[in-house]
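Report on the following structure.
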Amino acid sequence: MIHFEHLTYTYPGAAVPALKDVSLELPEGELILVIGPSGSGKSTLLRCINGLVPHFSGGALAGNVRVEGMDPVVATPKVLSRHVGFVFQDPEAQFVMDRVEDEIAFALENAAMSPQEMRVRVEETLDLLDLEPLRDRPLKTLSGGERQRVAIGAALALRPQILVLDEPTSQLDPKSAEDVLNALVRLNTDLGLTILLAEHRLERVLPYVDRVVYLPDDGGPVLIDEPRQVLAQIELGPPLVRLSKALAWKPMPLTIKDGLRFSRAHLAKLPRPATSSPLAMPRQAPRARSAPYIQASKISVQYAGRTVVRGVDFAAWSGEIGALMGRNGAGKTTLIKTLVGLINPQGGEVRIDGVANGKRSVAEICRTIGYLPQDPNTLLFAETVHDEMMVTLRNHGLAQRVDGEWRVQAGAKVADPAELLRRLRLGAKAQAYPRDLSVGERQRVALAAITVTLPGALLLDEPTRGLDYLAKQELVTLLKQWRADGMAIVLVTHDVELAAALADRVVLMSQGEVIADGVPSEVLGSSPLFAPQVARLFPNTGWLTAEDVLAADTGLV
């Protein structure tokens with residue numbers, strides 16, 4: 001159904017191809033997962049299927065692509081849109097209407113569908129993705145995850161033969177992600193829909209897929225095979241797969257159900273009870289007995305006539321990493337926007353380093369707090385990656401441009417831009433135009449831009465969106481270093497594996513309220529919804545990561 005023959009594609013102005021000599025044959029009726037390191041060309045490959053590459057991106061394309069016998073370059077995206085539904089990484093990029101129901105109906109109206117059939121299609125789509133409660137909501141009032149589900153619904157409404165999704169669960173909480181993936185499985189099984197999706201959070205997707213395509217970023221061969229065969233040949237993998245490789249579990253388990261047989265046998269072989277391991281104790285960074293760096297008291301926020309944050313108390317200490325978690329729409333993003341002054345609360349007070357936000361401007365507050373929003377594009381304005389950091393320094397009065405060259409103010413306490421980019425795996429992208437980069441790379445550019453000033457606190461909203469496991473691990477290392485330097489860090493995330501590996505404290509929100517606040521082993525380990533893979537494999541041990549298990553074994557770590 002989908003054929004790539006010696007496909008090579010280079011973006012305008014790029015020195016190297018985004019895709020090089022890719023030959024693949026993707027069978028009809030399968031659910032296929034596309035994986036690879038950040039920047040390996042996953043999004044580019046998907047966009048070749050409906051002609052967005054090269055029609056909207058420009059650049060040079062060589063080789064052949066065939067989709068149901070059509071050449072997307074010749075047929076154009078207009079024709080392919082009836083056969084290929086596409087969901088972008090940034091759902092906002094494809095919205096046209098203002099209301100949820102209108103957005104889903106928009107493509108059907110353009111297809112001149114009868115009102116009766118259109119009504120049936122809209123109702124089916126709303127029900128399939130649990131969007132009925134949101135049908136009359138303005139899109140601008142939805143959370144990031146809710147918007148992503150609407151984008152998927154809009155693509156499904158036309159009932160295409162092929163559905164392509166670029167990181168469809170990246171902004172979804174675990175339950176919403178499971179609901180979306182179950183819906184995709186039903187579409188694949190009941191209707192024979194061919195589904196391709198790119199995803200970095202493999203722990204969510206692997207149990208559902210028939211085949212995996214791996215795109216390397218080092219010039220190696222493209223792999224396509226059954227999931228176990230591909231994962232056995234590459235370093236990428238969720239905690240369950242990493243454990244199975246380290247402990248020689250065969251056949252490689254891809255689900256917690258399969259893994260429990262191995263984990264129970266492994267526990268039985270340990271030389272001492274698991275609960276006696278020091279790793280079973282809560283892992284928390286030392287907290288100074290001073291006042292919190294960020295202190296929010298009795299915060300209440302109303303938005304579009306709804307109360308989205310209800311009397312919340314929240315604190316963040318210097319030298320601590322806190323994870324703020326909860327279902328989509330729980331009020332997490334609203335809370336951190338309030339902390340940084342982007343939203344004025346209807347009740348309560350926020351103090352940063354002992355100073356009340358009060359009537360301080362956002363610019364004043366951001367001299368002490370770095371804030372990374374879900375959409376990194378809102379922070380990208382400069383012509384190069386390097387300039388993004390220098391513009392931040394200029395805005396803070398720490399740098400200026402003289403005779404076309406940036407000069408940092410003498411004695412300014414700032415991060416070294418070149419070293420910061422290197423640690424974020426962006427050293428080779430210093431002179432690249434930021435908006436030409438992948439979503440994961442743009443996320444890291446935005447992170448560099450807000451941290452180059454070494455602020456006292458960081459508020460990061462979904463910082464691992466678009467990041468592969470290696471990039472995520474490097475981010476973890478960097479954040480731990482900043483924590484050791486005394487920075488207060490708050491992560492808003494649906495990535496339970498990130499919280500398990502990094503957080504000193506986890507705060508759970510639901511319906512605008514804090515419902516749990518404690519160390520990760522207590523909050524995550526006991527949660528049926530937010531427990532990481534290792535906690536599910538080894539319950540009641542306090543272990544949250546693969547490293548915890550290996551360290552308690554025979555010195556593998």
Can you tell me if NZ on Lys337 sees more than 12 non-hydrogen neighbours from other groups inside 6.0 Å?
no
Is any NZ, NE, NH1 or NH2 atom of the basic residue among Arg99 and Glu103 found under 4.0 Å from an Asp or Glu carboxylate oxygen of the other?
no
Ignoring hydrogens and angles, state whether a donor on the side chain of Ser176 or Asp179 is under 3.5 Å from an acceptor on the partner side chain.
no
Do you know which two heavy atoms are closest between Leu236 and Pro37, and how far apart they sit?
CD1-N, 4.0 Å
Rounding to 0.5 Å, atoms OG (Ser244) and CG (Leu537) come to a distance of 10.0 Å
Do Ile32 and Asp210 have side chains that approach each other closer than 4.5 Å (heavy atoms only, starting at C-beta)?
no
Within a 6.0 Å radius of atom CG on Asp98, are there more than 12 heavy atoms belonging to other residues, nucleotides or ligands?
no
Residue Gln511 excluded, over 12 heavy atoms near CD under 6.0 Å:
no
From Leu215 atom CG to Leu223 atom CG, the distance as rounded to the nearest 0.5 Å:
9.0 Å
Should we count CZ of Arg82 as having more than 12 external heavy atoms under 6.0 Å?
no
Return the OG1 to CG distance between Thr545 and Asp548, rounded to the nearest 0.5 Å.
3.5 Å
Between Asp468 and the options Arg425, Arg201, Lys42, the salt bridge (Lys or Arg N to Asp or Glu O under 4.0 Å) test singles out Arg425
Does Glu68 CD have over 12 foreign heavy atoms under 6.0 Å away?
yes
